[in-house]
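As structure tokens, the structure follows; a few thoughts come after it.
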Number of protein chains: 2
Amino acid sequence: MEKFRSFYESHPRFHVAIDCVVFGFKDRELKILIQQRNFEPFQGVWSLMGGFVREDEDIDEAARRVCNELTGLKDVYMRQVGTYGKVDRDPGARVVSIAYCVLIDIDRYNAQLNMMNNSYWENITTLPDMFFDHKDMIRDALKLLQRKVSREPVGFNLLPSLFTLTQLQTLHEAILGESIDKRNFRKRVGEMNFIEKTDLVDKTSSRRGAYLYRFNNSEYQRNPEFKL
Amino acid sequence: MEKFRSFYESHPRFHVAIDCVVFGFKDRELKILIQQRNFEPFQGVWSLMGGFVREDEDIDEAARRVCNELTGLKDVYMRQVGTYGKVDRDPGARVVSIAYCVLIDIDRYNAQLNMMNNSYWENITTLPDMFFDHKDMIRDALKLLQRKVSREPVGFNLLPSLFTLTQLQTLHEAILGESIDKRNFRKRVGEMNFIEKTDLVDKTSSRRGAYLYRFNNSEYQRNPEFKL
DNA sequence: TTTCAAAAGTGTATCATTTACACTTATTTT
DNA sequence: AAAATAAGTGTAAATGATACACTTTTGAAA
């Protein structure tokens, strides 16, 4: 391939970045992790958590690495949202950025990282102005999440491994931005036998207590049909 | 920003390419435009039609330019599918490639371009082995198209501006890979008043002749609800 | 210890949507 | 005149989606 080097070298090269739209769920609200940069360039600007792709990394590997650096978590659900490449989207240099939608259980997130990264969990309904096209990335990531949450078991990534049906429902409501009928919702849950009732009870959110459920992925794989 | 140049320069840069998954529809078959390269590198390998992003171009502009160079057409429907960035996906150099799904009316395509580009219309069901991840791009572009065709008026981009309902139905069948009940299909068409019957008749495909319809986009915009 | 507050849990009837299904019509060719 | 070919048309049954309100359980407060 050596002899065709000029074929490639006649074309320009760009920085390629990863931006993570990290979703979490707490207090009935869908949140995302944003950062107010305390370093140059763009100090003080609100932005998504990101990083650059390295020479020796697949872009998905880079996304996993960046996400791990920012959240401390491994084996996290992430999906590519899209790629953003306006010429002037980053005034410091030509940067093409690939956005990823990341879903984490907010309780597994080490809050100390917020100090280190100067980052915050902000409700998606009350985001500040943000760096260039980062609002577009968030919008598109949310659309992706909305499209998936009713048809694939992705919401469980935002919950603890044991959760109540009320938590699951309020999660769906927060993602879809609309309220859901409780009895209809539970009827649909009941049709999916991979959402398993345990005999454990959570009493933190009510006096009566609510049964805890878990998502059984291997059972789901045997008959992967999901509708909520 | 000058003083932060090193912030960027400490990170690597990559070639960024566009690959177009160009769909066409003819003889009841969904086809895509592929090219057997008659130039180095990778001479003889089947691949999608592509090109590199330039310094002064947004990626969407680059996609439009590349698509225009390859099809001769302007103002075509195109949507980003995803970005493919495995380290070794192109052995000649590190190239990150953004795939676009492109829908054209195959009758507007100048067949002479096939000579110039060494390109062909191949049925999606009978594709040859292809360059690295180009099959993945095609699979993902087809998924995108399948997801959209029933809920948004995108199929019309693959048809002439006047079309019969049988053409529209066989197009949907080709995209979805399953047969559709004729009466149910036409019932749904009848519910969308932006699919307008003309008094023109096409007699090329049957003795009786079939009424020609057209898609009225401004009527659609007044009440954008689509279900087929 | 009784009362109150707060969330959990439970079923049915109606409505809307989707599916299954087969013959007639119009025209050209033989 | 008959045959061949694709266009065009409606209804009934089944399935899925929606609307809707009261009882239960428990801890905290009176």
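Within every chain, numbering begins at 1; the chains are lettered A, B, ... in the order of the sequence lines, protein sequences first and strands thereafter.
Between Met192(B) atom CE and Ile195(B) atom CD1 the span is 4.0 Å, to the nearest 0.5 Å. Separation of atoms SG (Cys101(A)) and CD1 (Ile32(A)) is listed at 10.0 Å; rounding is to 0.5 Å.
For the residue pair Lys74(B) and Asn68(B), no side-chain donor N or O sits within less than 3.5 Å of a side-chain acceptor on the partner. In the model, Asp19(A) has no side-chain atom that pairs as donor or acceptor with a side-chain atom of Tyr84(A) under 3.5 Å.
In this structure, CG of Leu212(B) is placed 14 Å from C1' of dA6(D), rounded to the nearest angstrom. Look at CD on Glu178(A): it is 14 Å from P on dA17(D), rounded to the nearest Å. Distance CZ (Phe163(B)) to P (dA7(D)): 14 Å, rounded to an integer number of Å.
Contact record, Leu33(B) with Leu48(B): O-CD2, 4.4 Å, taken as the closest heavy-atom pair.
Proximity of residues 180-197 of chain B to DNA chain C (heavy atom under 4.0 angstrom from any strand atom) is restricted to Asp181(B), Arg183(B), Asn184(B), Lys187(B).
Note: Phe215(B) and Phe156(B) have parallel aromatic rings, judged against thresholds of 30 and 60 degrees for the angle between ring planes.
In this structure, the nucleotide among dT26(D), dT24(D), dA7(D) sitting nearest to the side chain of Arg208(A) is dT24(D).
Residue order along DNA chain D, read from the 5' end via each residue's closest nucleotide, puts Ser205(B) first among Ser205(B) and Ser206(A). Positionally, the nearest nucleotide of DNA chain D for Arg207(B) lies more toward the 5' end than for the other of Lys203(A) and Arg207(B).
Counting only heavy atoms from C-beta outward, the side chains of Val81(A) and Met137(A) never approach each other to under 4.5 Å.
For DNA chain C, the outermost nucleotides in 5' to 3' order that have an atom under 4.0 Å from a heavy atom of chain A are dA5(C) to dT12(C).
Annotation: Arg139(A), atom CZ; neighbour count of heavy atoms from other residues, nucleotides and ligands within 6.0 Å is above 12.
The residue Thr166(A) sits close only to the backbone: its heavy atoms come under 4.0 Å of sugar-phosphate atoms, none of a base.
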